[in-house]
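Below you'll find the structure, written out as structure tokens, and then a few comments.
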Amino acid sequence: MERNPHILLSLAPSNPPFYARAVKNAGGLPVGGYLPETALLRRCDGLILGGGGDVDPAWYGQENVACDTLDGERDSLEGQLVALAVEKQIPVLGICRGMQYLNVYFGGDLIQDMGSSHSMIQGQYRLHPTYIRPDTQLHALYGATPVVNSGHHQAVGRLASGWQAIQWALDGVVEAIACQHLPMVGVQWHPEQLYPAGEWLFDWFVRQCNGHWL
């Protein structure tokens, strides 16, 4: 019988409950929240970097021209968490800011402001079609052209070495990336608040944390 893997969450200061709920529904045991202790990850089987404010552009060598809600303490901590996840070779899922952080951590950069085309509308996530690269796990889960939800003003710019884009919005904005040599994937959309389709991604990720990474 498979065990329930422990998954560390690194979240925004508001500690949104949706991530923990999604992990529990998928059979995982969520721990952590805002600024979790790094040592917790040594006892965990996976890591989720959630959404939140902007990554400080100093991390990717740019001046701040359009960023707000910066959190240097979170940026630094998540760098330690990703480094430890690499050391442990455990799965990592980045969501929205989390995907952007993974791209920056591994050497890519971000578009600091792309306007309101992917932002929320009156506090609600914007739904829009996408297309997914064939022969990827995301394609196996969602098919070629799923509709996803967006609420962001930044996007992946230069892709980090060793990563590939695997999903795009119709306007070319990168909606998902995958590492080619580590068990790490990021999505720009919010599966924790997309029902029921978002649950499929968490179900898959929890299985990977049980040692079934494909």
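No hydrogens, no waters, no symmetry mates; every other heavy atom, side chains included, goes into these values. Numbers here are sequence positions counted from 1.
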Tell me if the CD atom of Glu37 is crowded by more than 12 foreign heavy atoms within 6.0 Å.
no

For residues Gln164 and Gln180, determine if any side-chain heavy atom of one lies less than 4.5 Å from a side-chain heavy atom of the other.
yes

Heavy atoms only: give me the nearest Ala155-Met114 pair and the separation to one decimal.
CB-SD, 3.5 Å

One should read off an interatomic distance between Asp71 CG and Leu77 CG, to the nearest 0.5 angstrom, of 9.5 Å

Option from Gln167, Glu175, His118 for which side chain to side chain donor-acceptor pair (under 3.5 Å) with Trp189 holds
Gln167

Is the number of heavy atoms from other residues, nucleotides or ligands within 6.0 Å of CD (Gln89) greater than 12?
yes

Pair Asp109-Trp59, side chain to side chain contact (heavy atoms under 4.5 Å, CB included): steps then yes or no:
CA-CA 9 Å; Asp109 68 10; Trp59 281 73; over 6 Å; no

Can you name the nearest heavy-atom pair linking Cys96 to Gly151, along with the distance?
SG-O, 4.4 Å

Should the heavy atoms of other residues, nucleotides or ligands under 6.0 Å from CG of Asp135 be counted, would the total exceed 12?
no

Any side-chain heavy atom of Trp163 sitting closer than 4.5 Å to one from Leu102?
yes

Does the pair Val104 and Leu110 meet the rule for a side chain to side chain contact (heavy atoms under 4.5 Å, CB included), with working shown?
CA-CA 7 Å; Val104 168; Leu110 303 178; 3.7 Å; yes

If only side-chain N and O atoms count, and only distance matters, is there a donor-acceptor pair under 3.5 Å linking Ser150 with His128?
yes

With respect to Ile95, which candidate in Glu192, Gln100, Gln188 satisfies the side chain to side chain contact (heavy atoms under 4.5 Å, CB included) definition?
Glu192

Side chain Tyr105, main chain Glu78, donor-acceptor under 3.5 Å
no

Show the numbers, then the answer: is there a side chain to side chain contact (heavy atoms under 4.5 Å, CB included) between Trp168 and Thr130?
CA-CA 6 Å; Trp168 301 263; Thr130 65; over 6 Å; no

Distance (rounded to the nearest 0.5 Å) between Tyr19 OH and Leu93 CG:
9.5 Å

In Å, rounded to the nearest 0.5 Å, how long is the span from NE2 of His139 to CD1 of Ile132?
7.0 Å

So which heavy atom on Gly28 is nearest to which on Val206, and how close?
N-CG1, 3.9 Å

Should Leu8 and Ile48 count as side-chain neighbours, where that means a heavy-atom distance under 4.5 Å?
no

Is there a donor-acceptor pair under 3.5 Å between the side chain of Arg126 and the backbone N or O of Met120?
no

Rounded to the nearest 0.5 Å, how far apart are CG of Leu194 and CZ of Phe202?
10.5 Å

Are any side-chain N or O atoms of Lys88 and backbone N or O atoms of Ala83, one a donor and one an acceptor, separated by less than 3.5 Å?
no

With a 4.5 Å cut-off on side-chain heavy atoms, are Val86 and Met184 touching?
yes

In Å, rounded to the nearest 0.5 Å, how long is the span from CG of Leu49 to CZ of Arg97?
8.0 Å

Where do Asn103 and Ile177 land on the side chain to side chain contact (heavy atoms under 4.5 Å, CB included) test, with the steps shown first?
CA-CA 8 Å; Asn103 188 57; Ile177 60 175; 4.2 Å; yes

Partner residues of Gln124 under the side-chain contact (heavy atoms from CB on, under 4.5 Å) criterion, sequence neighbours left out
none

Can you see which heavy atom on Ala20 is nearest to which on Pro30, and at what distance?
O-CG, 3.7 Å

Any side-chain heavy atom of Gln208 within less than 4.5 Å of one from Gln137?
no

Could you tell me if the side chain of Thr145 sits less than 4.5 Å from the side chain of Pro129, heavy atoms only?
no

Might you point out which heavy atoms bring Leu47 and Ala85 nearest each other, and give the distance in Å?
CD2-CB, 4.3 Å

Joint cluster assignment, Phe18 & Leu201, ILVMFWY side-chain distance < 4.5 Å
no

Applying the side chain to side chain contact (heavy atoms under 4.5 Å, CB included) test to Gln154, which of Asp54, Val55, Val173 qualifies?
Asp54

Grab the two heavy atoms, one from Thr69 and one from Gly53, that are nearest each other, plus how far apart they are.
OG1-CA, 3.1 Å

Within-4.5 Å side-chain heavy-atom neighbours: Pro16 and Leu11
yes

If the condition is side-chain contact (heavy atoms from CB on, under 4.5 Å), which residues does Asn64 pass it with, not counting sequence neighbours?
Pro57, Cys67, Leu70, Gln112

Heavy atoms of other groups near Glu73 CD, more than 12 under 6.0 Å:
no

Rounded to the nearest 0.5 Å, how far does CG of Leu29 lie from CG of Asp45?
9.0 Å

Check: Pro183 and Ile90 side chains under 4.5 Å, non-hydrogen atoms:
no

For residues Asp113 and His153, is any side-chain donor paired with an opposing acceptor at under 3.5 Å?
yes

